[in-house]
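We number each residue from 1, following the sequence as shown.
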Amino acid sequence: MEDLKNIDLLSIDRNWLLPEAGRILISKPFSGDAYFDQSIVYLTESNENGTVGFILNKPVLTNINIMHGEVKTGSWNLWFGGPVKNNYIYFIHTAGPDVIPGSIAVADGIYWGGDFNDVSQKIETGELNEKAVRFFLGYSGWEKDQLEKEINDKYWMVGKLDPSIIMNTEADIWKEAVKNLGGRYRVWENLPPDPILN
């Protein structure tokens, strides 16, 4: 039996899942990274040119209506998607290209982008609700081979989440993602964002 005294409970063992579109990245806890510490990143694109995704569990302390006056949503949540182009708003949704032209299929009924004016209008008329669209400030991006290196360096674990959780802005996404990893990673479920707060 493995000696539990010698297990680093905050370390990552690579699980060899590929970082494909529709999967998530789970960061190593307490890494000290201002952007990605204890984050869950939903991947929307991964190919030979690089990888794009959005952080699901970092709320911005304002709402989409304040940030973008053309979107009449009331108090819909806005999320910090990542450090790239964080003066722009991006979105994922479940509406699809028939409802939002220009949408790109990601996986499991989730789409990325599309015509922002169409989204705004359909929100205002009530055709789209907060369970169908998530807005992000900025995105997370990696150049070719950059993410693979970070995974090999055991900064990220690749995982999966049910699409209903990805679109649920009220879910504790960190806890759900870690629960899916199982095993010794279950101890991560209740970690505070700052170890000093423990």
Side-chain angles (χ1 to χ4, degrees), residues 17-27 35-36 38-47 49-68 70-142 147 156-177 180:
L17 276 178
L18 295 176
E20 299 172 344
R23 291 183 174 165
I24 59 169
L25 300 175
I26 305 164
S27 73
Y35 294 119
F36 294 115
Q38 225 161 311
S39 65
I40 306 297
V41 181
Y42 179 66
L43 300 179
T44 54
E45 181 179 68
S46 186
N47 55 41
N49 297 317
T51 305
V52 173
F54 298 93
I55 302 173
L56 296 174
N57 61 327
K58 305 279 183 181
V60 176
L61 298 178
T62 187
N63 61 58
I64 180 65
N65 193 33
I66 291 169
M67 289 297 295
H68 200 295
E70 293 178 20
V71 183
K72 304 297 187 283
T73 62
S75 59
W76 276 22
N77 291 321
L78 179 64
W79 303 86
F80 175 69
V84 184
K85 293 192 176 179
N86 55 20
N87 55 332
Y88 288 89
I89 292 174
Y90 300 86
F91 57 96
I92 60 173
H93 56 89
T94 57
D98 292 339
V99 177
I100 303 175
S103 302
I104 299 169
V106 178
D108 304 314
I110 295 181
Y111 299 83
W112 169 30
D115 189 302
F116 194 91
N117 291 328
D118 276 357
V119 172
S120 180
Q121 290 169 8
K122 286 178 170 64
I123 286 171
E124 196 166 352
T125 60
E127 294 175 70
L128 293 175
N129 60 35
E130 198 166 2
K131 293 181 179 177
V133 184
R134 284 191 71 155
F135 290 101
F136 301 91
L137 201 57
Y139 69 90
S140 302
W142 293 264
L147 179 57
W156 299 105
M157 172 78 82
V158 181
K160 298 179 182 179
L161 263 183
D162 188 276
S164 64
I165 296 173
I166 289 166
M167 295 305 297
N168 184 352
T169 59
E170 296 181 1
D172 187 335
I173 290 185
W174 172 263
K175 187 171 283 192
E176 293 291 339
N180 283 352

Enquirer: Show your reasoning for whether side chain to side chain contact (heavy atoms under 4.5 Å, CB included) applies to Val158 and Ile24.
Expert: CA-CA 6 Å; Val158 181; Ile24 59 169; over 6 Å; no
Enquirer: So which atom in Val84 and which in Gly141 form the shortest heavy-atom distance, rounded to 0.1 Å?
Expert: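 Answer, listing the atom of Val84 first, then Gly141: CG2-N, 3.9 Å.
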Enquirer: So, for Ala107 and Ala21, which heavy atoms are closest and what is the spacing to 0.1 Å?
Expert: CB-O, 4.1 Å
Enquirer: I'd like to know whether the aromatic ring centres of Trp156 and Phe36 sit less than 6.0 Å apart in this structure.
Expert: yes
Enquirer: Quick one: does Met157's side chain get under 4.5 Å of Leu17's, heavy atoms only?
Expert: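 When only atoms from C-beta onward are counted, Leu17 and Met157 do not touch, as no gap falls below 4.5 Å.
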Enquirer: Any side-chain heavy atom of Val133 sitting closer than 4.5 Å to one from Thr94?
Expert: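 They are not in contact (no side-chain heavy atoms under 4.5 Å apart), so the answer is no.
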Enquirer: Which distance, rounded to the nearest 0.5 Å, do you find between the OH of Tyr35 and the OG of Ser27?
Expert: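 So the OH of Tyr35 and the OG of Ser27 are separated by 15.0 Å.
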Enquirer: Counting only N and O atoms by type, is there a donor-acceptor contact under 3.5 Å from the side chain of Ser103 to the main-chain atoms of Gly114?
Expert: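 Judged by distance alone, no pair lies under 3.5 Å.
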Enquirer: Determine whether Ile104 and Thr44 make a side-chain contact, defined as any pair of heavy atoms from C-beta on separated by less than 4.5 Å.
Expert: no
Enquirer: Evaluate the side chain to side chain contact (heavy atoms under 4.5 Å, CB included) criterion for residues Phe135 and Val119: first the C-alpha distance (whole Å), next the side-chain angles of each, then the deciding distance (0.1 Å), finally the verdict.
Expert: CA-CA 11 Å; Phe135 290 101; Val119 172; 3.9 Å; yes
Enquirer: Apply side chain to side chain contact (heavy atoms under 4.5 Å, CB included) to the pair Leu43 and Glu20, showing each step before the final yes or no.
Expert: CA-CA 7 Å; Leu43 300 179; Glu20 299 172 344; over 6 Å; no
Enquirer: For a side chain to side chain contact (heavy atoms under 4.5 Å, CB included) with Leu161, tell me which candidate from Ile26, Asp108, Ile166 qualifies.
Expert: Ile166
Enquirer: Verify, without hydrogens or angle tests, whether Thr125 (side chain) and Gln121 (backbone) share a donor-acceptor contact under 3.5 angstrom.
Expert: yes
Enquirer: I'd like to know whether the aromatic ring centres of Tyr90 and Tyr139 sit less than 6.0 Å apart in this structure.
Expert: yes
Enquirer: For Arg134 and Phe91, indicate whether the former's side chain and the latter's backbone hold a donor-acceptor pair under 3.5 Å.
Expert: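 No, Arg134 side chain to Phe91 backbone: no donor-acceptor pair under 3.5 Å.
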Enquirer: Could you measure the distance from the CH2 atom of Trp174 to the CG atom of Asp172? Nearest 0.5 Å is fine.
Expert: 10.0 Å
Enquirer: Check whether the ring centres of Tyr42 and Phe54 lie less than 6.0 Å apart, and answer yes or no.
Expert: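 Not under 6.0 Å, so no.
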Enquirer: Search all heavy atoms of Pro97 against all heavy atoms of Tyr111 and return the closest pair with its distance.
Expert: CD-CE2, 3.5 Å
Enquirer: Any heavy-atom pair between the side chains of Lys58 and Trp79 that's under 4.5 Å?
Expert: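 Not touching, per the 4.5 Å side-chain cut-off.
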Enquirer: For the side chain of Asn129 and the backbone of Ala132, is there at least one donor-acceptor N/O pair under 3.5 Å apart?
Expert: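 Side chain of Asn129 to backbone of Ala132: a pair is present.
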Enquirer: Is the shortest side-chain heavy-atom distance between Ile89 and Leu137 below 4.5 Å?
Expert: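 A side-chain contact under 4.5 Å exists here.
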Enquirer: So do the side chains of Asn168 and Glu176 get within less than 4.5 Å of each other, counting heavy atoms only?
Expert: no
Enquirer: With a 4.5 Å limit on heavy-atom distance, are the side chains of Pro59 and Asn77 in contact?
Expert: no
Enquirer: Distance check, rounded to the nearest 0.5 Å: Lys122 atom NZ versus Asn117 atom CG?
Expert: 10.5 Å
Enquirer: Start with the C-alpha distance between His93 and Ile100, add both sets of side-chain angles, then the distance that settles side chain to side chain contact (heavy atoms under 4.5 Å, CB included), and finish with yes or no.
Expert: CA-CA 9 Å; His93 56 89; Ile100 303 175; 3.6 Å; yes
Enquirer: Quick one: are Asn57 and Ser39 in side-chain contact, heavy atoms under 4.5 Å?
Expert: yes
Enquirer: Looking only at heavy atoms, which two atoms of Gly82 and Ile55 are closest? And how far apart?
Expert: CA-CD1, 4.1 Å
Enquirer: Mind listing the closest non-hydrogen atom pair of Gly81 and Ser140 along with its distance?
Expert: O-OG, 2.8 Å
